[in-house]
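I have placed the structure first, in the form of structure tokens, so that the comments after it can refer back to it.
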Number of protein chains: 2
Amino acid sequence: MHQPAASFSDVEAAAGRIAAHAHRTPVATSATLRRETGADVFFKCENLQKVGAFKARGALNAVLSLDDEAAARGVITHSSGNHGAALAYAAATRGIACTVVMPDHAPQVKIEAVRGYGANIEMCAHSDREVATERLIQQTGATLIHPYNNRHIIAGQGTAALELIEDVGDLDMVIAPIGGGGLMSGTAITTRSMLPEAQLFGAEPHAVDDAYRSLQTGQIQPAVANPATVADGLLTALGELTFATLSWAGVEVIRVAEDDIVAAALFHLHRMKILVEPSGATGLAALRALGDEVRGRRIGIIISGGNTDLRWLPRS
Amino acid sequence: MHQPAASFSDVEAAAGRIAAHAHRTPVATSATLRRETGADVFFKCENLQKVGAFKARGALNAVLSLDDEAAARGVITHSSGNHGAALAYAAATRGIACTVVMPDHAPQVKIEAVRGYGANIEMCAHSDREVATERLIQQTGATLIHPYNNRHIIAGQGTAALELIEDVGDLDMVIAPIGGGGLMSGTAITTRSMLPEAQLFGAEPHAVDDAYRSLQTGQIQPAVANPATVADGLLTALGELTFATLSWAGVEVIRVAEDDIVAAALFHLHRMKILVEPSGATGLAALRALGDEVRGRRIGIIISGGNTDLRWLPRS
């Protein structure tokens with residue numbers, strides 16, 4: 001009964017659209033992890049993507065899908081995180097206006113990142129952000145680009161799994177983090193088409209397990225209030241489009257503990273020498289949580305991003 | 001009058017010998033750095049090499065160059081750092097015995113790394129290491145593999161620049177860190193042959209500038225006593241073979257400040273999302289020290305390794 005928000009053809013079209021402005025990111029492996037798990041694991045390194053996260057893919061696809069008339073009026077979003085920077089970057093590549101509504105408490109480093117791409121920034125109280133955004137849309141005619149509940153965004157995020165499968169071939173399992181569900185939805189659409197037999201796992205912190213409960217109950221559950229997780233990119237609830245897509249694809253959510261997320265991020269840093277934000281390390285944490293089930297299997301994991309202040313590093 | 005310790009043919013032979021056991025590491029670029037410097041900079045990521053450093057290349061070439069009789073008696077070295085782990089790894093790939101003489105004060109993590117590859121470890125006081133090593137050679141007939149003053153080691157290290165130039169083509173400048181000079185010597189031999197017109201720069205901390213003074217005075221200067229640098233991989237003095245090679249090639253040494261080394265390592269981490277040890281970040285620090293001279297040029301930089309405890313990270 002559920003339908004995916006986009007088709008695999010949409011993902012393929014997105015791949016062509018964004019190719020000139022997004023990196024084809026490398027795939028990393030680890031002999032140490034192979035010895036530990038008995039699995040052949042292929043990490044798609046979206047931490048090495050433009051703006052430091054997979055979000056560049058969806059934002060580019062959304063901006064490049066606008067007709068000229070809509071593009072001339074610009075784009076707008078509200079975001080305190082990677083999506084704001086990604087949309088600003090995407091708008092800059094097309095030379096169109098971009099407004100990012102940011103909460104008053106947004107970290108200075110995020111504000112600078114958005115400003116660095118030339119976007120307009122509108123600060124407001126977090127609770128006013130939807131009203132403020134709506135007012136700006138009325139004034140400018142800008143197109144709202146939602147961070148995940150948007151079919152162009154979802155199709156764009158699906159290009160990471162497309163490249164991964166093109167590069168490494170057959171996989172038994174594909175794992176990606178779940179926040180709002182855009183990356184997991186795109187990953188699911190691509191995987192169901194290219195590798196129909198593969199198992200699909202979403203990785204989510206125990207502390208903010210609304211996606212797990214949404215898929216269990218068959219109804220979108222709200223984001224956890226006062227969330228206590230190091231994975232600050234995974235706080236949002238699913239949207240209608242991502243909920244429908246994950247339900248259609250039969251994605252199973254693996255919940256992971258905070259200590260295991262930090263341990264996974266440290267493995268990426270010290271053993272693989274790459275900086276992965278805690279949200280992005282949930283995929284490796286989920287792999288480890290699967291235990292013996294992964295032995296002898298070929299597994300793809302999407303590392304979502306690498307933008308982090310390192311406050312999660314243990315102090316020695 | 002000076003002669004290089006190895007020929008470019010030796011480097012090419014090494015590339016074939018080590019290919020099955022060393023990674024062809026990726027080349028990284030940064031749009032942010034291009035805006036900052038006006039240069040096209042290509043980083044050869046030896047932090048993503050086996051054992052986390054370029055040292056795997058030389059060690060593999062040395063071990064794989066032994067005849068069967070010598071190989072059967074094993075190999076030995078003294079090292080508290082990456083070379084010990086690299087030689088242990090190389091010996092394991094050939095299935096031969098390896099002994100690493102380590103100082104009593106060696107960090108536990110380095111000891112575990114060597115042990116993890118199955119090598120024998122002999123602990124001794126730092127001042128006794130040469131005597132201890134000689135005694136073990138008498139007992140076992142093992143071949144001593146010096147960390148840099150060895151032509152097979154130098155030829156092996158030259159394969160990093162070989163791959164870099166094969167991958168990115170023409171370069172105006174090539175930069176690598178200088179400690180004992182093995183990496184810089186191999187890089188110089190390769191570059192002088194493949195790109196005769198390119199400038200060759202070595203990067204060295206101001207605090208341990210013995211290589212700078214050695215090339216200035218035309219005589220090998222001893223290592224600095226009580227060195228105070230974050231670049232703990234660059235403490236050793238040049239050897240006869242590396243001094244001769246660097247002199248032959250006309251390598252110019254750029255001395256870099258401690259703050260600039262840390263700033264470069266932070267740039268690699270936060271902007272490029274890769275973990276680089278401070279010694280390995282001296283190349284970027286040297287690039288920046290060159291200032292306007294690099295504008296409009298194509299520059300290759302060898303990142304030597306990524307094994308670091310992160311104690312150099314600023315605490316916020």
Determine, step by step, whether B:Leu310 and A:Leu310 satisfy the side chain to side chain contact (heavy atoms under 4.5 Å, CB included) criterion, reporting the C-alpha distance in whole Å, the side-chain angles of both residues, the deciding distance to 0.1 Å, and the verdict. CA-CA 11 Å; B:Leu310 293 175; A:Leu310 293 175; over 6 Å; no
What part of B:Thr308 is in contact with chain A, defined as an atom under 4.5 angstrom from a non-hydrogen atom: side chain, backbone, both or neither? backbone
Please list, in residue-number order, every residue in residues 46-61 of chain A that has a heavy atom less than 4.5 Å from any heavy atom of chain B; write 'none' if there are none. A:Asn47, A:Leu48, A:Lys50, A:Gly52
Quick one: which residues of residues 263-285 of chain A reach chain B at under 4.5 angstrom, heavy atoms only? A:Leu269, A:His270, A:Met272, A:Lys273, A:Ile274, A:Leu275
Using a 6.0 Å cut-off, check whether atom CG of B:Asp104 has over 12 heavy atoms from anything other than its own residue. yes
